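Take a look at the structure below.
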Amino acid sequence: MDSETKTQGLEIPTPKEFNFTECLAILGRSDQELLHTISGERITKLLNAEGELVLFELSYSGSALHIEFLHRSPSEQGKQAVMWYVMDWFDLETDLQPFYAMAASDPVLREVVEQHAGLRIMGMPDLFEAFAWAITGQQINLTFAYTLKRRLIENFGSSTKVGEVEYWTFPSAGTIASLEVGQLRELQFSGRKAEYIIGIARELANGHLVKEELVSKTEQQVEKQLVAIRGVGPWSAHYVMMKCLRFNSAFPISDVGLHNALKEQLGMGRKPTIAEIEGFAKNWTGWQAYATFYLWRVLL
DNA sequence: GGCCAGGCTAGCA
DNA sequence: TGCTAGCATGGC
């Protein structure tokens with residue numbers, strides 16, 4: 001790009017409890033990921049800011065995240081959208097000190113939290129993406145779940161090609177709302193998953209499900225509302241509350257990954273029972289989501 | 001080749 | 001109210 005089209009970047013200060021490398025480890029988990037690209041210590045991502053496709057690059061230095069806009073100069077609204085997205089994505093507004101104070105004396109969390117200090121719950125600010133990913137991941141192995149996600153994006157997402165690289169956004173709820181079940185079956189989604197995902201896309205598209213309304217309710221109210229949606233059980237509800245709605249008390253207690261992480265971390269030789277997990281979690285009140293996320297980190 | 005996978009629904013007692 | 005077969009297929 002020539003110097004005249006180069007745009008002014010943005011800078012977002014990060015909290016003391018922040019480790020970019022730890023966050024990158026999460027984002028680099030799958031080599032099938034199309035929603036962002038990682039090169040060294042830089043992340044490139046395409047964002048759909050109310051119809052405007054904004055491509056940006058994220059890096060970290062000097063206690064701040066740096067955003068550079070690539071390809072073309074976005075509108076002021078586009079820039080603002082990217083800034084809010086990044087703050088939400090990295091959960092920069094949560095003060096982790098109380099969590100760390102609790103974890104320091106918790107026999108289950110102490111080691112893993114110390115080891116990965118500065119890791120933050122890498123979120124999914126887009127509510128439809130969070131639901132779709134939760135449903136896609138139900139009861140299938142993660143590798144296959146990523147394959148399904150990639151196909152969904154390649155078939156129904158938006159993209160921009162810069163040089164040799166194509167950057168993608170997750171399909172909008174509006175796009176998926178207009179599909180028939182058979183169109184997702186072709187991508188090897190099960191009939192059930194196809195029905196669930198299209199159903200939720202329609203709830204979002206017709207305004208029956210609004211993120212801004214959900215985040216203003218209590219955890220109990222939200223759980224009740226989400227579980228009433230076909231295809232959303234307790235695990236998915238808590239997954240969405242944790243990754244998108246940012247309830248730090250969300251707790252997907254039946255999660256197989258959590259069970260395997262506890263088994264490994266505690267050297268149990270078997271997966272813990274739900275009752276045992278409830279016992280471990282007695283001191284985690286208010287921070288169950290962070291406890292879960294740090295334990296997931298063990299499995300990477 | 002068999003068990004497991006970041007579960008959920010619907011139908012049954 | 002509580003229990004569980006069936007889903008649907010890939011990964012390892």
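Reminder, nothing fancy here: chain letters follow the sequence lines and each chain counts from 1. Fair warning: this is a prediction, and the values are worked out from it, not measured in the lab.
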Practice prompt. Name the nucleic acid region contacted by Pro234(A), choosing base, sugar-phosphate or nothing; use a 4.0 angstrom heavy-atom cut-off, strictly under.
Written response: sugar-phosphate
Worksheet item: Checking all strands, does Lys271(A) fall into the base, sugar-phosphate, or nothing category for heavy-atom contacts under 4.0 angstrom?
Response: sugar-phosphate
Worksheet item: With sugar-phosphate meaning primed atoms plus P, OP1 and OP2, does Phe189(A) contact a base, only sugar-phosphate, or nothing at under 4.0 Å between heavy atoms?
Response: nothing
Discussion item. Applying a 4.0 Å non-hydrogen cut-off, can you work out what Gln138(A) is touching in the nucleic acid: base, sugar-phosphate, or nothing?
Written reply: sugar-phosphate
Discussion item. Strictly below 4.0 Å: does Asn141(A) bring a side-chain N or O up to OP1 or OP2 of dC3(B)?
Written reply: no
Worksheet item: Paired with dT9(C): which nucleotide, if any, by Watson-Crick or G-U wobble criteria at under 3.5 Å for both distances?
Response: dA5(B)
Fill in: Integer-rounded Å distance: dT9(C) C1' and Leu187(A) CG
14 Å
Discussion item. Check Lys282(A) with Glu278(A), please: is the shortest side-chain N to carboxylate O separation under 4.0 Å?
Written reply: no
Practice prompt. May I ask you to decide whether Asp88(A) forms a salt bridge with Lys211(A), counting only side-chain N to carboxylate O separations under 4.0 Å?
Written response: yes
Item to complete: Would you kindly give the CZ-to-P distance between Arg230(A) and dT9(B), to the nearest whole Å?
Response: 8 Å
Worksheet item: Does Gln139(A) put a side-chain nitrogen or oxygen below 4.0 Å from OP1 or OP2 of dA8(C)?
Response: no
Discussion item. Salt bridge or not between Glu195(A) and Arg192(A)? Use side-chain N to carboxylate O under 4.0 Å.
Written reply: no
Discussion item. For the P atoms, the ones on dA8(C) and on dG11(B), what distance do you get once it is rounded to whole angstrom?
Written reply: 14 Å
Worksheet, complete the sentence: Smallest heavy-atom separation, Ala291(A) atom then Trp284(A) atom, equals CB-CE3, 3.5 Å
Discussion item. Categorize Ile229(A) for me: base, sugar-phosphate, or nothing, with a 4.0 angstrom heavy-atom threshold over every strand shown.
Written reply: sugar-phosphate
